[in-house]
Amino acid sequence: MAAAQRIVIENGAIATVDADDTEYDSGHVVIAGNRIEAVGAGKAPEGLENVVRRIDATGHLVTPGLINTHHHFYQWITRGLATDHNLFDWLVALYPVWARIDEPMVYAAAQGSLAMMARGGVTTAMDHHYVYPRGSGDLSGAVIRAARETGVRFTLARGSMDRSEKDGGLPPDFAVETLEGALTATEATVKEHHDASFDAMTQVAVAPCSPFSVSTELLREGAALARRLGVRLHTHGSETVEEERFCHELFGMGPTDYFESTGWLGEDVWMAHCVHMNDSDIAAFGRTKTGVAHCPSSNARLAAGIARVPDMLAAGVPVGLGVDGTASNESGELHTELRNALLINRLGAHREAALNVRQALRLGTHGGARVLGRAAETGSLEPGKLADLVLWKLDTLAHSSIADPVAALVLGAAAPVTASFVNGRQIVENGRLLTVDEDVIARSTRDQARRLARIAAQA
């Protein structure tokens with residue numbers, strides 16, 4: 001790294017979220033190129049060459065960038081609908097609308113979703129896109145293009161559905177793919193877009209939607225496809241009591257046993273929600289190191305329940321945080337999920353011992369990296385890792401009287417982001433995106449939301 005351009009960050013509190021939860025009251029981070037070169041207490045080492053910028057982080061907390069492990073970007077243009085529904089009724093209400101999306105809508109929605117997360121400290125995002133209406137254009141390409149323009153590290157979970165209304169599923173018939181079509185399109189997406197390198201900005205996972213919208217064959221063959229291509233697997237699991245009832249009625253077993261029977265447990269798998277899991281289910285996830293994307297706000301919005309996150313962590317289950325689609329979490333911000341994960345889990349059986357502020361921060365950083373299979377590259381501030389990090393401003397009215405900066409970040413109001421770096425490149429400055437125009441995106445998403453509403457109403 002001797003010839004790399006360096007950025008030196010000094011005088012800030014630092015929470016590294018490494019294996020020892022190392023923290024510094026006042027420390028430094030040195031970025032060299034797209035890597036973290038040094039982290040430590042006090043000032044940066046003297047005599048560093050090629051220092052192109054020095055940042056005084058006084059009054060700030062420096063953390064790894066936040067990592068989102070579950071989202072549906074297209075829902076940005078259907079926010080605020082079906083606000084008093086449980087999951088199944090919500091899906092029945094919204095699938096006829098979602099079935100009318102097209103490429104311009106998906107691109108605008110992805111821009112909105114990504115911009116909202118990035119300006120709030122997300123440096124690695126993911127999108128589980130599974131609605132591919134016939135003739136709707138290159139939806140996967142639109143999402144990936146939006147992520148590239150925003151400048152975040154990105155995983156596209158290429159979703160699919162082949163169980164429509166005529167087969168006992170929820171989506172309209174014209175909004176699903178055939179088994180063969182889904183597998184072929186997913187493989188093509190992986191081959192075109194997946195980057196397996198250490199500093200990859202775009203990766204692809206195989207992601208059939210859920211047990212009640214895909215066939216058993218699609219789950220089995222999707223798992224085989226992912227492992228043949230060497231990519232990860234993602235789906236929804238155990239989100240509601242209705243899903244558990246559905247699996248028992250249709251397959252004669254609960255969701256976890258059903259997933260295991262189709263090859264969907266393993267360290268290359270992560271599932272969203274996992275709210276309704278018994279001791280045996282959690283033990284199976286822990287034994288196989290199957291990951292979980294915990295989405296506390298969405299679970300509350302849809303009255304799904306409280307996921308047993310403390311028990312999962314005790315069993316060794318990898319757990320990260322997810323925004324989920326913004327039709328069930330209208331804020332679209334991951335940093336608020338740090339707080340909500342702690343608060344909602346304290347309403348469960350473990351009460352005040354459920355999660356503490358550092359565990360919440362770990363869920364949103366290192367936990368997310370582990371769930372996405374990227375813990376060797378990101379998720380903590382350590383030399384050699386990718387330079388994905390955030391400076392949170394904590395010296396204003398909202399936080400200045402909270403002595404513990406991690407407590408201020410997690411329990412206080414949403415902290416302003418002074419700077420966010422992805423791959424060594426700054427993408428946020430003083431709460432505004434440097435890579436895209438937020439005002440243009442706001443107008444575009446409004447226009448596409450209105451366009452979708454008109455088309456859906458006419459249909």
Side-chain angles (χ1 to χ4, degrees), residues 70-75 77-78 88 91-92 94-107 109-110 126-145 155-194 203-229 231-237 239 243 246 250-251 258-259 262-264 269 271-272 325 327 452 455-456 459:
H70 186 66
H71 210 314
H72 308 294
F73 290 174
Y74 72 90
Q75 293 181 13
I77 56 174
T78 60
F88 270 44
L91 290 172
V92 170
L94 291 177
Y95 265 136
V97 180
W98 296 337
R100 270 79 187 180
I101 60 175
D102 61 17
E103 187 174 338
M105 295 176 191
V106 169
Y107 174 67
M126 71 80 66
D127 182 32
H128 185 192
H129 189 89
Y130 55 83
V131 183
Y132 289 88
R134 294 166 203 159
S136 55
D138 182 10
L139 305 188
S140 293
V143 173
I144 290 170
R145 185 168 80 254
T155 295
L156 173 67
R158 203 292 180 184
S160 52
M161 300 185 292
D162 68 340
R163 187 192 296 276
S164 67
E165 289 175 318
K166 67 179 173 56
D167 302 313
L170 296 177
D173 295 341
F174 65 88
V176 305
E177 300 172 282
T178 64
L179 170 64
E180 295 77 14
L183 292 169
T184 298
T186 300
E187 181 167 5
T189 303
V190 173
K191 289 183 175 178
E192 181 176 359
H193 295 292
H194 181 69
Q203 296 196 331
V204 180
V206 175
C209 182
S210 67
F212 49 84
S213 59
V214 307
S215 66
T216 300
E217 292 75 21
L218 182 51
L219 278 176
R220 283 203 181 105
E221 295 191 33
L225 172 66
R227 288 170 179 137
R228 175 166 61 82
L229 297 175
V231 298
R232 298 180 74 74
L233 300 86
H234 181 58
T235 191
H236 296 87
E239 185 172 359
E243 178 189 332
F246 177 92
L250 201 62
F251 311 122
Y258 175 60
F259 282 127
T262 56
W264 272 78
V269 179
M271 297 188 198
L452 176 57
I455 292 172

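- One distance of note links CD of Glu177 with CZ of Arg134; it measures 9.5 Å at 0.5 Å rounding.
- Residues Val176 and Met161 come closest through the heavy atom pair CB-O, 3.2 Å.
- Atom CG of Leu229 sits about 9.5 Å away from atom OG1 of Thr186, to the nearest 0.5 Å.
- In terms of heavy-atom proximity, Ala110 sits nearest to Val143 at CB-CA, 4.2 Å.
- Looking at His129 and Thr189, their side chains never come closer than 4.5 Å, going by heavy atoms from C-beta outward.
- Counting only distance, with no hydrogens or angles, the side chain of Arg163 and the backbone of Ser213 share no donor-acceptor pair below 3.5 Å.
- Within the 3.5 Å criterion, the main-chain N or O of Leu219 finds a donor-acceptor partner in the side chain of Trp264.
- Side-chain atoms of Ser210 and Tyr130 form no donor-acceptor pair, as typed in the model, at a separation below 3.5 Å.
- For the side-chain contact (heavy atoms from CB on, under 4.5 Å) with Asp162, the lone residue among Leu179, Thr178, Leu183, Asp167 that qualifies is Leu179.
- Annotation: salt bridge (Lys or Arg N to Asp or Glu O under 4.0 Å) contacts of Arg227 (sequence neighbours excluded): Asp268.
- The main-chain N or O of Ala207 is never found under 3.5 Å from a side-chain atom of His234 such that the two would form a donor-acceptor pair.
- With Glu103 contributing its side chain and Asp138 its backbone, the two residues share a donor-acceptor pair below 3.5 Å.
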Q: List the steps and the verdict of side-chain contact (heavy atoms from CB on, under 4.5 Å) for Glu192 and Ile144.
A: CA-CA 11 Å; Glu192 181 176 359; Ile144 290 170; over 6 Å; no
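- Within the 4.5 Å cutoff, the side chain of Pro133 has heavy atoms near those of the Ile101 side chain.
- When every heavy atom of Gly222 is checked against every heavy atom of Val206, the shortest pair comes out as O-CG1, 3.6 Å.
- The minimum heavy-atom distance linking Arg158 with Ala185 is given by the pair NH2-CB, 3.3 Å.
- In this structure the side chain of Ser164 never reaches within 4.5 angstrom of the side chain of Phe174, judged on heavy atoms.
- Here Asp127 contributes atom CG and Phe73 contributes atom CZ; the two are 4.5 Å apart, rounded to the nearest 0.5 Å.
- His128 and His72 have tilted rings, their planes meeting at an angle from 30° to 60° on a 0 to 90° scale.
- By the 30° and 60° cut-offs, the orientation of the rings of Tyr95 relative to Trp98 is perpendicular.
- Closest of all the heavy-atom pairs between Pro211 and Glu243 is CG-OE2, 3.7 Å.
- The backbone N or O of Met126 sits nowhere less than 3.5 Å from a side-chain atom of His71 that would complete a donor-acceptor pair.
- In terms of modelled atom types and a separation under 3.5 Å, the side chain of His236 and the main chain of Ala272 share no donor-acceptor contact.
- At least one donor-acceptor pair closer than 3.5 Å links the side chain of Thr184 to the backbone N or O of Glu180.
- Minimum heavy-atom separation, Ala327 to Leu94: CB-CD1, 4.1 Å.
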Q | Derivation and outcome, side-chain contact (heavy atoms from CB on, under 4.5 Å), residues Leu156 and His193 | A | CA-CA 9 Å; Leu156 173 67; His193 295 292; 5.8 Å; no
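- When side chains are defined from C-beta on, Asp102 counts as touching Met105, because their heavy atoms get closer than 4.5 Å.
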(Q) Apply side-chain contact (heavy atoms from CB on, under 4.5 Å) to residues Thr235 and Phe259 and explain how you reach the verdict. (A) CA-CA 10 Å; Thr235 191; Phe259 282 127; 3.7 Å; yes
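- When the ring-ring contact (aromatic ring centres under 6.0 Å, His included) test is applied to Phe88, the partners found at least two apart in sequence or on another chain are Phe212.
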Q: Given side-chain contact (heavy atoms from CB on, under 4.5 Å), test Leu250 with Tyr258 step by step and report yes or no.
A: CA-CA 10 Å; Leu250 201 62; Tyr258 175 60; over 6 Å; no
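- In this structure, the side chains of Arg232 and Gln203 stay at 4.5 Å or more apart for every pair of heavy atoms.
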